[in-house]
Asks: 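Structure provided below as structure tokens; questions to follow.
Given the structure is predicted, the values throughout are model-derived calculations rather than measurements. A note on names: the letters A, B, ... follow the listed sequences, proteins ahead of strands, and every chain is numbered from 1.
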Amino acid sequence: MHLAFDLMRGLERALADAAAAAGIEPGAFEPGVRTSDPRHGDFQANGVLAAAKRAGKPPRPIAEALVAGLGDDIRVAFEVSVAGPGFINFKARPAALLSWLQAHRSRAGLELGASAAHKGETWVVDYSSPNTAKQMHVGHLRSAVIGEAISRLLEFTGARVVRDNHIGDWGTQYGKLIWACRRHLDEAALARDPIEEFERLYKIGSSAAEADPAVMEEARAELVRLQAGDPVSLALWRRINEASLAAFQRIYDRLGIRFDETLGESFYNDKVERVYAELSADGISSMSEGAQVVFHPEHPRFKTQPMIVRKSDGAANYATTDLATILYRSEHFHADGILYVVDKRQADHFEQLFLTARKWFVRRGRPIPKLQHVDFGTVLGEDGRPLKTRTGDNIKLRELLDEASERALALVNAKSPDFPEDERRRIAETVGVGSVQYADLSQNRSSDYLFSWDKMISLEGNTAAYLLYAIARIRSIFRRHGLECGDPAAESGADAFQTPDEIALARKLVKFSDAIRLATETLCPHFLCLYLYELAGEFSAFYNADKVIVDDPAVRARRLVLCARTLLFLETGLSLLGLRTLERM
RNA sequence: GGACCUGUAGCUCAGUUGGAUAGAGCACUUGGCUUCGAACCAAGGGGUCGGGGGUUCGAGUCCCUCCAGGUCUACCA
């Protein structure tokens, strides 16, 4: 029995064929296959109702005709029935479930099946993108975590992914910072904690400039010197960047992030002239109040609210570099798509940016990449306001991860006191950081979310710890019985699933492909989280009801298939979300 | 003022883009370890899906309107 990776797609094709054979015009029938409530089956086709409506005929006879026209391969694999007003239900037979699970037994095999979705495409993912000379704080968490998960999902589904950290390493704030560096730099403090020292210096520069117009003027002069390539200014600027990137990387290491490119704003310094010139020559931009701007007359708001591409003082702003960046990504990486994993408050900016870029590219006859703002909401404290410390400062990301790790360590110490200390620490870091990542990913990214230590680290419900625990239990079964996970020998002779809990788990397993497809299509990792949580839940129920290591070799083999695949899917799924997993905890 | 987002169980959230009797977790009640890890499982109560109108075989989901909260709205990113 051959079953494709994506069972839903297979059913859609079979139904389309049956419709053609039944004389329904192509285009008049959209199969509309969805996963369904387990009470009804595994998949259902909703399309007959709409087609019948259009044709002005009763739906049930049409559904029955389609079912009668299905090929033998479908009938062998599924129980097919017509229900209600005209739904077609498909319930996978136990033998088909086993067959699918035997065909998808490795990560490489899953990837092969999934990679059809974006094969041959190049996607640039723009995420994290902090400003240099500052610590990363909670505000930087979501972009980093969501961006990494989306990058991994796209890669898994066949795309070439360019992870680009578009850092803020240029702009007016560097004038003030360098002004302060020249006067107040404390080399000892810099050696101890460079970012802290730069933050201190920036505060000095910023408040001095605010208090004294002469200082402001000097700061501006510093910026001009830097832009002119003054060696002392440039050396300071490089030091700031190096120290900042090193600090960022320490956070990224803990989150499992590694960028392919770090092309910050400064990289586009010499590329903005072309933006000014082309937009102006193409008549896309105009002059208003001394600035070069783009209006969009067809847009209800942007007909009066312009996008400023060059400030009245002649300088570039983020709109300018963002346009130059799109051009670079298009010409240099040949991007088919560019994703911006950025706070939803910047929605207006991206809408203007994309409108402008498309007009510009159309005028120049360039291929237009798909442009999407992958937005996300704010992290809120338990008072419902943006998460801050008690004193009103931003919570540093390093301290947040430290606390997560510490809280997890207290738990590991309580639950597994006999493990060696260094292992307990490693487990705590994996559980703690993973809990932060998972808490963020498991919620719909577009809405704000409430950050609660207790919920996150309580390790109950839809949390990282629950999934990691399921993995640890499966690993334990194999370890205890001296078996290697996924060893074909241990699985040979398996017969079809029989008990209710075996069948329920197997039915959940074969929907892995659907979860990957859904999460990737919508760029919403929480769909994958939800699937993994439900999978772990089905496993726990099965584990509680059916003993795996039993004497009957056929029963043991089929249960080992379930254990091995649950483990594979949980580990693959978590790694696609950017989480590390554990052997034991 | 305008535009956009949000409103689902006491609390925190899902709801596969219009499908069948709206689902989880927490909290609460009850039961389950001499048996592969109880960081677990099983069972139970809890809802006018913010209000009202509409579209259709069918609406938490789409359109209109009102209410409440949030965000953005010309040279910061």
Asks: Side chain of A:Ser288, heavy atoms from C-beta onward: which of B:A20, B:G25, B:A74 has the nearest atom to it?
Replies: B:A74

Asks: Does B:U35 have a Watson-Crick or wobble mate here (both distances under 3.5 Å), and if so which one?
Replies: none

Asks: Go ahead and name the base partner of B:G18; Watson-Crick or wobble counts if both distances stay under 3.5 Å, otherwise write none.
Replies: none

Asks: Counting the atoms with a prime plus P, OP1 and OP2 as sugar-phosphate, which does A:Glu534 contact under 4.0 Å by heavy atoms, base, sugar-phosphate, or nothing?
Replies: nothing

Asks: I want to verify a distance call: between B:G15, B:A39, B:C72, whose nearest atom is closest to the A:His526 side chain?
Replies: B:G15

Asks: Which part of the nucleic acid, if any, lies within reach of A:Asp514 when heavy atoms closer than 4.0 Å are counted: base, sugar-phosphate only, or nothing?
Replies: base

Asks: Under a 90° cut-off about 0 for the syn range, is B:U17 syn or anti?
Replies: syn

Asks: Name the nucleic acid region contacted by A:Ser36, choosing base, sugar-phosphate or nothing; use a 4.0 angstrom heavy-atom cut-off, strictly under.
Replies: nothing

Asks: Could you tell me whether A:Leu468 contacts a base, only the sugar-phosphate backbone, or nothing, with contacts defined as non-hydrogen atoms closer than 4.0 Å?
Replies: nothing

Asks: Parallel, tilted or perpendicular, judged at 30° and 60°: which one describes the rings of A:Tyr268 and A:Tyr328?
Replies: perpendicular

Asks: Return the CG to CZ distance between A:Leu528 and A:Phe512, rounded to the nearest 0.5 Å.
Replies: 7.0 Å

Asks: Quick one: label A:Val293 by what it contacts on the DNA or RNA (base, sugar-phosphate, nothing), any heavy atom closer than 4.0 Å.
Replies: base

Asks: With both distances under 3.5 angstrom, what nucleotide forms a Watson-Crick or G-U wobble pair with B:G7?
Replies: B:C67

Asks: Take A:Glu429 and A:Ser405, measure what side-chain hydrogen bond (donor to acceptor under 3.5 Å, both in side chains) needs, and give me the verdict at the end.
Replies: CA-CA 5 Å; A:Glu429 173 75 4; A:Ser405 189; 3.0 Å; yes

Asks: For atom C1', what is the distance between B:U29 and B:G46, given to the nearest Å?
Replies: 12 Å

Asks: Does CG in A:Asp551 sit with more than 12 non-hydrogen atoms of other residues, nucleotides or ligands closer than 6.0 Å?
Replies: no

Asks: Would you indicate which nucleotide in B:U12, B:C40, B:A14 comes nearest to any side-chain atom of A:Asn544?
Replies: B:C40

Asks: Should the ring pair A:Phe302 and A:His299 be called parallel, tilted or perpendicular, given that the plane angle runs from 0 to 90° and is split at 30 and 60?
Replies: parallel

Asks: Flag as yes if A:Tyr543 stacks onto the base of B:C36 (centroids under 5.5 Å, planes under 30°), otherwise no.
Replies: yes

Asks: Might you confirm whether atom CZ of A:Arg60 has over 12 heavy atoms from other residues, nucleotides or ligands at distances under 6.0 Å?
Replies: yes

Asks: Answer with base, sugar-phosphate or nothing: what part of the nucleic acid does A:Asp546 contact at a heavy-atom distance below 4.0 Å?
Replies: base

Asks: To the nearest angstrom, how far is A:Leu223 atom CG from B:C76 atom P?
Replies: 12 Å

Asks: Could you measure between the two P atoms, the one in B:A68 and the one in B:G10, and give it in whole Å?
Replies: 22 Å

Asks: How would you label the contact of A:Ser446 with the nucleic acid (heavy atoms, under 4.0 Å): base, sugar-phosphate, or nothing?
Replies: nothing

Asks: Who does B:A42 pair with, Watson-Crick or G-U, both distances under 3.5 Å?
Replies: B:U30

Asks: Does the salt bridge (Lys or Arg N to Asp or Glu O under 4.0 Å) test come out yes or no for A:Arg301 and A:Asp348, once each step is laid out?
Replies: CA-CA 10 Å; A:Arg301 200 139 43 89; A:Asp348 273 9; 2.9 Å; yes

Asks: Counting heavy atoms from C-beta on, name the nucleotide in B:G37, B:G23, B:A77 closest to the side chain of A:Arg39.
Replies: B:G23

Asks: For B:A59, which nucleotide in any strand shown is its Watson-Crick or wobble partner with both distances under 3.5 Å?
Replies: none

Asks: What I want to check is whether an N or O donor and acceptor connect the side chain of A:Ser447 with the base of B:U6 at under 3.5 Å.
Replies: no

Asks: Return the nucleotide paired to B:A24: Watson-Crick means purine N1 to pyrimidine N3 with N6-O4 or O6-N4, wobble means G-U with N1-O2 and O6-N3, both under 3.5 Å.
Replies: B:U12

Asks: Assign A:Tyr469 to base, sugar-phosphate, or nothing according to its heavy-atom contacts below 4.0 angstrom with the strands shown.
Replies: base

Asks: Looking at every strand, decide which applies to A:Asn46 at a 4.0 Å heavy-atom threshold: base, sugar-phosphate, or nothing.
Replies: base

Asks: At under 4.0 Å between heavy atoms, what does A:Leu518 touch on the DNA or RNA strands: base, sugar-phosphate, or nothing?
Replies: base

Asks: For the side chain of A:Arg34, counting heavy atoms from C-beta on, which of B:C36, B:G19, B:G37 is nearest?
Replies: B:G19

Asks: Would you kindly give the CG-to-P distance between A:Leu353 and B:A77, to the nearest whole Å?
Replies: 13 Å

Asks: Any carboxylate oxygen within less than 4.0 angstrom of a Lys/Arg side-chain nitrogen, looking at A:Glu423 and A:Arg584?
Replies: yes

Asks: Quick one: which of B:A20, B:U16, B:C40 gets closest to the side chain of A:Ala83?
Replies: B:A20

Asks: Which nucleotide in the list B:C13, B:A74, B:A77 gets nearest to the side chain of A:Tyr318?
Replies: B:A77

Asks: Closest to the A:Glu265 side chain: B:A77, B:A3, B:A14?
Replies: B:A77

Asks: Would you classify A:Ser540 as touching base, sugar-phosphate or nothing, given that sugar-phosphate means primed atoms plus P, OP1 and OP2, and contacts are heavy atoms under 4.0 Å?
Replies: sugar-phosphate

Asks: Which nucleotide in the set B:A24, B:C13, B:U16 lies at the smallest distance from any side-chain heavy atom of A:Tyr533?
Replies: B:A24

Asks: Does A:Glu351 reach a base, just sugar-phosphate, or nothing at all? Heavy atoms under 4.0 Å.
Replies: nothing

Asks: By the 4.0 Å heavy-atom rule, please label A:Ser312 as base, sugar-phosphate, or nothing.
Replies: base

Asks: May I ask you to say what A:Asn89 touches in the nucleic acid, namely base, sugar-phosphate or nothing, with a heavy-atom cut-off under 4.0 Å?
Replies: base

Asks: Can you figure out which of B:A3, B:G37, B:G19 approaches the side chain of A:Arg301 most closely?
Replies: B:A3

